[in-house]
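Numbering of ligands and ligand atoms starts at 1, following listing order. Along the sequence shown, residues are numbered consecutively beginning with 1.
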Amino acid sequence: MDLFEKCQNYSTASEAQASGLYPYFIPLTESEGTIAKFKGKKLIMCGSNNYLGLTTHPEVQEAARDAVTRFGSSCTGSRFLNGTLELHEQLENEIADWLGKDRALVFSTGMQVNLGTISSLVARKDYVILDRDDHASIVDGARLSYGDLIRYRHNDIRDLADKLSRLDEDRGKLLVVDGLYSMEGDIAPLPEIIPLCKKYGVRLMVDDAHAVGVLGGGRGTAAHFGVTDDVDLIMGTFSKSFASLGGYIAGADKVIDYIKHHARSLIFSASIPGPNAAAALAALHIMQREPDRIARVNQIAKKMREEFTRLGFDIGNSQTPVIPIIIGDDLLTLQTWKMLFENGVFVNPVLSPAVPPGRQLLRTSYMATHTEDQIDEVLTVFEKVGKSLELI
Ligand SMILES: Cc1ncc(COP(=O)(O)O)c(C=O)c1O
């Protein structure tokens, strides 16, 4: 049996391409944040994670340019060996201070943070407990660990309590949740989760990839609820509000030191290049200096949630700048995506099995730098497309 037989037989993507309904790997030729170009056509970007619009901020770009001059284009090695810059340590110190934790550790991507952190902490006989809607990188981190994986229904505190009550109290336990769920834009109810963690001796890790820069004055979900001291580990990425690439884990000194010396995705992978570290640091400074930006993205999100609801779209339980338009069918989701694209609006279709059948959706997301004209245009296009496909 040839290993490649499955590849020869794989035709899902080519069939979708042939039908004109293939929405992935779209090669943009330009992007100025809120506007992207595809084959010369302008699209209003409602599908990025650039929540604060900082990828094109002159200070962020200048910091990256200076760093390429100072450090070159790559570190060509891991943090563990030749790839640690003073800049990485400065970034770690400032992030730890910003989040209110002892210490932070910078990895090359957020994916690698979750792989390395979860797999290094959760040993044989430990439990790792996940919300069913946790990001794929959390699931993969749990799978890489030698512990037992337990999953509970999304944001269902009763189910969580039930699952925790059945666990062996003599075994170590790590619960990992997304702070802000990346597909449906709802928030983990930390004030309800934390008492359960205390009751059952569970350590809590929050993936704040989408919440930093957006919730809690930019500090994320724990700050949003005022529970920073009760969250053991806060994970984040630089690939969203921080306008760069890379990720971090923040927590107590001894825990971060342990991860630093055990996480394989940190030790056996090259560190983020100086320009990425410098861009993330510049973005952090803007976030700290300009709270209005954070207020603005939330204000735009509130308007969009209200308007979509008024028009008759189903936006689930979104409370944030990630707003799903739930369509509930693969083909209809793709047809809607295509019509929006042809009318100049870029959004991301999310199909089953990435979401359960019946929850297929268009993921829309907003930036502090979207103008009123742009978001009004987005709403006009959505109304036109929604009516023509009888979604509203
Ligand atoms: C919730 C969540 N965690 C982790 C990641 C991974 O981050 P990165 O893009 O830095 O690998 C993402 C990015 O898609 C995410 O949405």
Side-chain angles (χ1 to χ4, degrees), residues 24-25 47-52 54-55 79 88 91-92 95 99 104-119 128 130-144 151 154-155 174-188 190 204-216 220-222 224 231 233-250 259 263-266 269-273 275-277 279-281 283-284 318-324 347-350 354-355 361 363-367:
Y24 307 121
F25 299 98
S48 97
N49 304 303
N50 184 13
Y51 301 114
L52 299 179
L54 294 179
T55 57
R79 294 291 310 278
H88 292 132
L91 185 55
E92 288 171 345
I95 283 182
L99 297 177
L105 179 65
V106 167
F107 287 62
S108 306
T109 64
M111 174 86 174
Q112 285 169 274
V113 175
N114 283 336
L115 296 183
T117 300
I118 301 169
S119 64
V128 53
L130 308 186
D131 182 292
R132 281 227 171 261
D133 281 8
D134 274 354
H135 189 258
S137 55
I138 299 174
V139 178
D140 288 359
R143 284 189 182 140
L144 267 183
R151 301 185 83 175
H154 175 54
N155 270 352
L174 179 70
L175 168 61
V176 192
V177 295
D178 283 23
L180 189 173
Y181 284 88
S182 59
M183 291 299 134
E184 299 221 12
D186 51 343
I187 301 175
L190 296 184
L204 176 60
M205 171 172 164
V206 174
D207 176 332
D208 249 358
H210 294 268
V212 79
V214 173
L215 299 179
T221 315
H224 171 76
V231 173
L233 290 164
I234 299 178
M235 172 277 168
T237 169
F238 297 139
S239 66
K240 307 190 194 304
S241 288
F242 280 102
S244 185
L245 187 72
Y248 57 85
I249 186 80
I259 297 168
R264 293 164 67 86
S265 61
L266 177 84
S269 184
S271 58
I272 60 168
N276 289 98
L281 192 60
L284 175 63
S318 169
Q319 297 157 267
T320 66
V322 175
I323 308 178
V347 299
N348 295 301
V350 187
V355 284
L361 56 89
R363 178 188 187 271
T364 77
S365 53
Y366 301 91
M367 298 178 215

Of all heavy-atom pairs between S269 and Q112, which one has the smallest distance, and what is that distance?
OG-NE2, 2.9 Å
R264: partners by salt bridge (Lys or Arg N to Asp or Glu O under 4.0 Å), with sequence neighbours left out
none
Sidechain-backbone polar pair: N348 side chain, G47 backbone, donor-acceptor under 3.5 Å:
yes
Once side-chain hydrogen bond (donor to acceptor under 3.5 Å, both in side chains) is applied, do any residues pair with S108, and if so which ones, sequence neighbours excluded?
none
Under a 3.5 Å distance rule, please check whether S365 uses its side chain to pair with a backbone N or O of N49 as donor and acceptor.
no
Check: every ligand 1 N/O to protein N/O pair under 3.5 Å:
residue: ligand 1; atom: 3 (N); partner: D207; partner atom: OD1; Å: 3.4
residue: ligand 1; atom: 3 (N); partner: D207; partner atom: OD2; Å: 2.6
residue: ligand 1; atom: 9 (O); partner: S239; partner atom: OG; Å: 3.0
residue: ligand 1; atom: 10 (O); partner: G110; partner atom: N; Å: 2.7
residue: ligand 1; atom: 10 (O); partner: T237; partner atom: OG1; Å: 2.6
residue: ligand 1; atom: 10 (O); partner: S239; partner atom: OG; Å: 3.4
residue: ligand 1; atom: 11 (O); partner: G110; partner atom: N; Å: 3.3
residue: ligand 1; atom: 11 (O); partner: M111; partner atom: N; Å: 2.9
residue: ligand 1; atom: 14 (O); partner: H135; partner atom: NE2; Å: 3.3
residue: ligand 1; atom: 14 (O); partner: K240; partner atom: NZ; Å: 3.2
residue: ligand 1; atom: 16 (O); partner: H210; partner atom: NE2; Å: 2.6

Let me have the donor-acceptor pairs involving side chains of residues 240-250, under 3.5 Å, with sequence neighbours excluded, atom names and distances please.
residue: S241; atom: OG; partner: V212; partner atom: O; Å: 3.1
residue: S244; atom: OG; partner: N276; partner atom: O; Å: 2.7
residue: S244; atom: OG; partner: N276; partner atom: ND2; Å: 3.3

